[in-house]
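What follows is a single structure, written as structure tokens, with notes after it.
The figures that follow rest on heavy atoms only: side chains count, while hydrogens, waters and symmetry mates do not.
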Amino acid sequence: MQPIDHFDLRNFDLNLLIAFDAMMRERSVTRAAERLKIRQPAMSHNLSLLRTLFQDELFVRVGTVMQPTMRAQLLAEPVEQALGMMQAVIHATSEFDPMTDQRIFRMGFSSEVELLLMPELASRLRQRAPGVRLHGRPVQQRDVYRMLDDRILNLAIGCFDSQAQRYRQQPLFEQSLSCVFHPDMMALGESISLEEYLSLPHSVVSLSESLHGCLEAALDAVGGKLNVVATSSEFLGVLGMAASAPLIATLPTRMARRYGEAFGLRVVPVPMTLTVPDVSLIWTAQEDNHPASQWLRSEIADILGRMDVPW
């Protein structure tokens with residue numbers, strides 16, 4: 001197939017092909033006009049343009065019927081096929097059967113959501129969509145919208161917020177924070193005081209140059225500072241430090257509850273009010289009505305919606 005010359009087609013009114021097909025079917029200017037729901041002079045004008053473009057009479061009157069010329073007969077089948085394909089594209093509905101579909105979903109994550117979601121999502125897909133593969137990757141606020149626009153990601157989950165109309169957003173859950181520590185290494189009870197929280201050594205997640213990392217904005221809002229002695233770019237790294245050293249780690253409550261026990265840690269509320277952004281699902285308007293994307297978003301919302309409500 002020859003490459004499409006878009007510039008050449010731009011100068012051609014494709015509606016004329018519809019007029020041509022109507023003439024082939026009706027063999028009458030009047031009836032073709034009625035078929036297209038236009039006036040007869042407009043149909044006559046279309047026929048005049050077609051004759052000029054194709055340098056052929058196309059239809060000649062024989063008695064009361066407009067008979068196609070040889071050129072028109074040669075054009076009839078490819079024009080009909082082209083219009084049929086256009087109509088099929090316009091009315092096509094993309095179907096998605098998770099049991100038989102073969103595709104890769106590319107997802108971007110901020111913070112701890114990947115660890116919360118991916119284990120169960122992968123398990124579900126093995127049962128419900130065995131041909132579907134998942135590609136999860138970390139993504140930061142400054143990159144996420146470009147990656148969605150460039151189709152590098154199908155969707156993103158995390159602390160993202162955009163008011164741009166080309167994006168769709170679904171809040172998944174509000175976040176709260178909890179503390180974890182090893183009860184054999186720190187002489188703390190079922191709760192900790194504000195004084196203990198601010199003075200005892202901490203490990204936190206940090207993706208920046210700041211020692212306070214992801215908590216910096218929340219701490220600045222209340223004028224607080226922690227005694228941070230170690231950071232990690234990963235939540236599992238922070239959990240591992242709290243399990244191996246006398247440190248307090250401050251984590252999103254869902255993460256603390258999900259993995260704290262596995263590390264032998266005690267989970268208690270943070271003794272001060274720290275506000276952190278909600279977790280949302282974000283995607284582009286182009287993905288909005290795609291059945292596969294709709295199915296995946298529904299699975300994600302169901303998994304995260306079933307998790308414990310934070311303190």
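Side-chain atoms of Ser293 never come within 3.5 Å of backbone atoms of Asn289 as a donor-acceptor pair (strictly under, hydrogens ignored). Between the Arg266 side chain and the Phe181 main chain, no donor and acceptor come within less than 3.5 Å of each other. Formation of a donor-acceptor pair under 3.5 Å by the Arg27 side chain with backbone atoms of Met24 is found in this model. Between the Ser123 side chain and the Pro119 main chain, no donor and acceptor come within less than 3.5 Å of each other. Checked by atom type and distance alone, the side chain of Asn46 never pairs as donor or acceptor with a backbone atom of Leu16 at under 3.5 Å. Under the 3.5 Å distance criterion, the side-chain polar atoms of Thr69 are left unmatched by any main-chain donor or acceptor of Glu57.
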### Task
Go through the steps to decide whether Leu200 and Leu188 satisfy the test side-chain contact (heavy atoms from CB on, under 4.5 Å), and finish with yes or no.
CA-CA 11 Å; Leu200 291 171; Leu188 299 172; 3.9 Å; yes
### Task
Evaluate side-chain contact (heavy atoms from CB on, under 4.5 Å) for Leu236 paired with Phe263, printing each intermediate quantity in order.
CA-CA 10 Å; Leu236 289 180; Phe263 281 81; 4.2 Å; yes
### Test side-chain contact (heavy atoms from CB on, under 4.5 Å) applied to Leu198 and Leu226, step by step
CA-CA 5 Å; Leu198 295 176; Leu226 299 181; 4.0 Å; yes
### Message
Determine whether Leu125 and Leu134 satisfy the following criterion, side-chain contact (heavy atoms from CB on, under 4.5 Å), listing intermediate values before the conclusion.
### Response
CA-CA 9 Å; Leu125 261 59; Leu134 301 173; 3.4 Å; yes
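One finds the CE atom of Met43 at 14.0 Å from the NZ atom of Lys37 (value rounded to the nearest 0.5 Å). The distance from atom CD1 of Ile157 to atom CG of Leu304, rounded to the nearest 0.5 Å, is 6.5 Å. Note that CG of Leu153 and CE of Met147 are 4.0 Å apart. Values are rounded to the nearest 0.5 Å. Taking NZ of Lys225 as the start and NE2 of His202 as the end, the distance is 13.0 Å to the nearest 0.5 Å. Within the model, atoms CE of Met99 and CD of Gln127 stand 10.0 Å from one another, a figure rounded to the nearest 0.5 Å. With rounding to the nearest 0.5 Å, the separation of CD1 in Ile300 from CG in Leu116 is 12.5 Å.
Crowding of Arg39 atom CZ: a count of heavy atoms from other residues, nucleotides or ligands under 6.0 Å not exceeding 12. Counting non-hydrogen atoms of other residues, nucleotides and ligands closer than 6.0 Å to CZ of Arg126 gives a total above 12. Within 6.0 Å of CD in Gln294 there are more than 12 heavy atoms belonging to other residues, nucleotides or ligands. The 12-atom threshold is exceeded at CD of Gln81, counting heavy atoms of other residues, nucleotides or ligands nearer than 6.0 Å.
For the pair Phe109 and Val279, the minimum side-chain heavy-atom distance is 4.5 Å or more. With contacts defined as side-chain heavy-atom distances shorter than 4.5 Å, the pair Met118/Met107 qualifies. Ile303 has its side chain within reach of Arg124: a pair of non-hydrogen atoms, C-beta onward, lies under 4.5 Å apart. Counting only heavy atoms from C-beta outward, the side chains of Ile152 and Arg106 never approach each other to under 4.5 Å. Side-chain contact between Glu299 and Arg128 is present, with at least one heavy-atom pair separated by less than 4.5 Å. In this structure the side chain of Ser203 reaches within 4.5 angstrom of the side chain of Leu247, judged on heavy atoms. Taking 4.5 Å as the limit, some side-chain heavy atom of Leu75 sits within range of a side-chain heavy atom of Leu58. In this structure, the side chains of Tyr259 and Val180 stay at 4.5 Å or more apart for every pair of heavy atoms.
Using the six-membered ring where Trp is involved, Trp295 and Phe96 have ring planes that are tilted, between 30° and 60° apart.
Considering every non-hydrogen atom in both Ala285 and Arg168, the closest pair reads CB-NH2, 3.6 Å. When all heavy atoms of Ala242 and Ala249 are compared, the closest pair comes out as CB-CB, 4.1 Å. Scanning all heavy atoms of the two residues, the minimum distance from Asn227 to Ser199 falls at ND2-O, 3.1 Å. What you find for Tyr197 and Cys179 is that their closest heavy atoms are CE1-SG, 3.3 Å. When all heavy atoms of Val29 and Ser44 are compared, the pair lying nearest together is CG1-OG, 3.5 Å. For Cys159 against Gln175, the heavy-atom pair with the smallest separation is SG-NE2, 3.4 Å.
Between the side chains of Asn154 and Trp283, no donor-acceptor pair is found at a separation under 3.5 Å.
Sorted by first then second residue, the ring pair (Phe, Tyr, Trp, His ring centres under 6.0 Å) pairs that include residues 32-70, not counting sequence neighbours, are Phe20-Phe59.
Transitive grouping of hydrophobic side chains (ILVMFWY, heavy atoms separated by less than 4.5 Å) brings Phe235 and Val229 into a common cluster. Two different hydrophobic clusters hold Leu47 and Val65 under the rule that ILVMFWY side chains link at heavy-atom gaps under 4.5 Å. Transitive grouping of hydrophobic side chains (ILVMFWY, heavy atoms separated by less than 4.5 Å) keeps Leu74 and Leu50 in distinct clusters. Under the 4.5 Å side-chain heavy-atom criterion for ILVMFWY residues, a single connected hydrophobic cluster contains both Met86 and Met23. Val228 and Met272 fall within the same hydrophobic cluster, where Ile, Leu, Val, Met, Phe, Trp and Tyr residues are linked whenever their side-chain heavy atoms come under 4.5 Å apart, directly or through other members.
The residue from Thr284, Asp288, Asp149 that alone fulfils the side-chain hydrogen bond (donor to acceptor under 3.5 Å, both in side chains) condition with Tyr167 is Asp149.
Taking 4.0 Å as the cut-off between side-chain N and carboxylate O, Glu287 and Arg297 do not count as a salt-bridged pair.
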